[in-house]
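This report concerns only the one structure given below.
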Amino acid sequence: MTRDELTDAVRKLYGEASTTHTDDLTIHNWLNRAIEELLGDAGAEEKLATFMSVPGQQEYGGADVGFPIDFMRPLAVYYDGLKLRHIDFREIVDASPDLQGTPLGYYLRLNPVKLGFHPIPADAKEIRLFYQASPTLMAAGTDEPAIPAPYHYALAYWAAAQWALADENIQRASAFMLQFERRKLELLGAGMSRTAETYPTVRWTGD
């Protein structure tokens with residue numbers, strides 16, 4: 001299904017019960033975010049990026065040299081050959097947030113996406129980042145989602161659920177999400193799952 005066909009499908013799913021006006025651009029954004037939601041646990045492409053730490057710099061993101069612009073979530077992180085453990089940002093706040101040295105752990109911050117290290121790197125060392133890449137999104141009306149065709153309609157259910165949430169209709173949102181989750185499980189069962197440590201999927205909160 002193309003983006004235009006999926007947009008029509010969302011409107012047909014939701015019907016005339018909406019209490020809010022939803023334009024095509026909003027639905028397009030929902031559909032693209034649905035791709036990220038579906039592939040976050042079901043086989044987004046795995047990649048490797050290598051870049052250098054900067055002494056005294058704790059966090060790294062898309063504007064930093066070598067950091068992957070298509071980064072979605074980490075699978076494994078190595079600093080100077082040492083595999084780092086995932087840590088909660090609150091652990092740093094509760095400990096010594098300004099400590100510098102050889103990093104022992106890393107954390108993920110969202111909006112904007114940042115990968116941080118603790119302790120803060122004190123030297124310029126190689127960082128090897130194994131990550132899941134953001135899927136190719138639909139930019140034109142004739143574009144199709146980069147997922148198997150039998151699961152295209154799942155995106156319409158996720159978008160309809162967001163519309164229901166905007167209408168504060170929790171019951172309808174739950175019903176649409178149930179349909180989405182069923183198809184997501186089918187996709188996982190079809191062999192698209194990947195082995196990965198458990199980290200949150202990056203989600204964009206803006207339109």
Side-chain angles (χ1 to χ4, degrees), residues 26 28-139 145-147 158 162 165 177 181 184 187-188 192-207:
T26 298
H28 297 165
N29 289 333
W30 283 337
L31 289 169
N32 277 327
R33 287 160 61 186
I35 298 173
E36 294 163 350
E37 180 68 21
L38 190 67
L39 292 184
D41 295 322
E45 183 179 2
E46 296 177 6
K47 293 185 177 181
L48 167 64
T50 302
F51 57 98
M52 299 297 293
S53 62
V54 177
Q57 181 174 334
Q58 185 170 24
E59 297 184 342
Y60 300 79
D64 295 300
V65 175
F67 194 89
I69 59 174
D70 60 350
F71 172 81
M72 183 166 69
R73 70 174 182 176
L75 298 174
V77 183
Y78 292 80
Y79 178 87
D80 195 26
L82 174 68
K83 185 176 182 179
L84 306 183
R85 70 180 182 92
H86 177 254
I87 56 178
D88 192 295
F89 182 69
R90 290 169 294 186
E91 293 183 45
I92 302 171
V93 174
D94 294 340
S96 304
D98 299 322
L99 180 66
Q100 293 195 26
T102 299
L104 300 175
Y106 71 94
Y107 60 89
L108 184 65
R109 299 186 71 179
L110 309 180
N111 300 320
V113 177
K114 293 283 186 179
L115 188 71
F117 297 88
H118 184 73
I120 300 170
D123 302 295
K125 298 291 184 180
E126 182 184 73
I127 297 171
R128 289 168 60 84
L129 170 62
F130 293 87
Y131 69 99
Q132 283 189 331
S134 297
T136 301
L137 304 181
M138 297 180 290
I147 58 175
W158 196 89
Q162 307 315 302
L165 288 174
M177 282 303 296
E181 291 295 339
K184 184 175 179 178
L187 183 60
L188 286 167
M192 290 203 55
S193 60
R194 301 285 181 115
T195 300
E197 300 174 49
T198 303
Y199 300 107
T201 301
V202 175
R203 293 182 175 85
W204 282 260
T205 58
D207 288 333

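We number each residue from 1, following the sequence as shown.
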Original post:
side chain to side chain contact (heavy atoms under 4.5 Å, CB included) between Phe71 and Leu108: does it pass, once the steps are laid out?
Top reply: CA-CA 11 Å; Phe71 172 81; Leu108 184 65; 3.6 Å; yes
So, does [X] use its side chain to make a donor-acceptor pair with the main chain of [Y] at under 3.5 Å?
| X | Y | value |
| --- | --- | --- |
| Tyr60 | Val54 | yes |
| Gln58 | Phe117 | yes |
| Gln162 | Trp158 | yes |
| Asp64 | Gly61 | yes |

Taking all atoms of both residues into account, what is the closest heavy-atom pair of [X] and [Y], and its distance?
| X | Y | answer |
| --- | --- | --- |
| Pro103 | Pro121 | CG-CG, 3.8 Å |
| Ile87 | Gly105 | CD1-C, 4.0 Å |
| Ala76 | Tyr78 | CB-CE1, 4.0 Å |
| Phe51 | Val65 | CB-O, 3.6 Å |
| Ser53 | Tyr79 | OG-CE1, 3.6 Å |
| Leu137 | Glu36 | CD1-OE2, 3.8 Å |

Original post:
Hey, does Val113 have a side-chain heavy atom less than 4.5 Å from the side chain of Arg73?
Top reply: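 They are not in contact (no side-chain heavy atoms under 4.5 Å apart), so the answer is no.
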Original post:
Does a side-chain heavy-atom distance below 4.5 Å link Asp80 with Thr102?
Top reply: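 Answer no - side chains too far apart.
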Original post:
Among all residues two or more places apart in sequence or in another chain, which pass the salt bridge (Lys or Arg N to Asp or Glu O under 4.0 Å) test with Asp70?
Top reply: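 Expected list: Lys47.
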Roughly how far apart are [X] [atom1] and [Y] [atom2], rounded to 0.5 Å?
| X | Y | atom1 | atom2 | answer |
| --- | --- | --- | --- | --- |
| Ile147 | Lys184 | CD1 | NZ | 12.0 Å |
| Leu31 | Thr26 | CG | OG1 | 11.0 Å |
| Phe67 | Lys114 | CZ | NZ | 8.5 Å |
| Leu99 | His118 | CG | NE2 | 5.5 Å |
| Leu129 | Thr50 | CG | OG1 | 8.5 Å |
| Gln100 | Gln57 | CD | CD | 11.5 Å |

**OP:** With sequence neighbours excluded, tell me which residues meet side-chain hydrogen bond (donor to acceptor under 3.5 Å, both in side chains) with Glu59.
**Re:**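 Glu59 satisfies side-chain hydrogen bond (donor to acceptor under 3.5 Å, both in side chains) with Tyr107, Arg109 once adjacent residues are dropped.
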**OP:** Please assess His86 against Tyr106 for the test side chain to side chain contact (heavy atoms under 4.5 Å, CB included), listing each intermediate value before the final yes or no.
**Re:** CA-CA 5 Å; His86 177 254; Tyr106 71 94; 4.0 Å; yes
Original post:
Of all residues at least two apart in sequence or in a different chain, which pass the side-chain contact (heavy atoms from CB on, under 4.5 Å) check with Ala49?
Top reply: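 Listed in chain order: Pro68, Tyr131.
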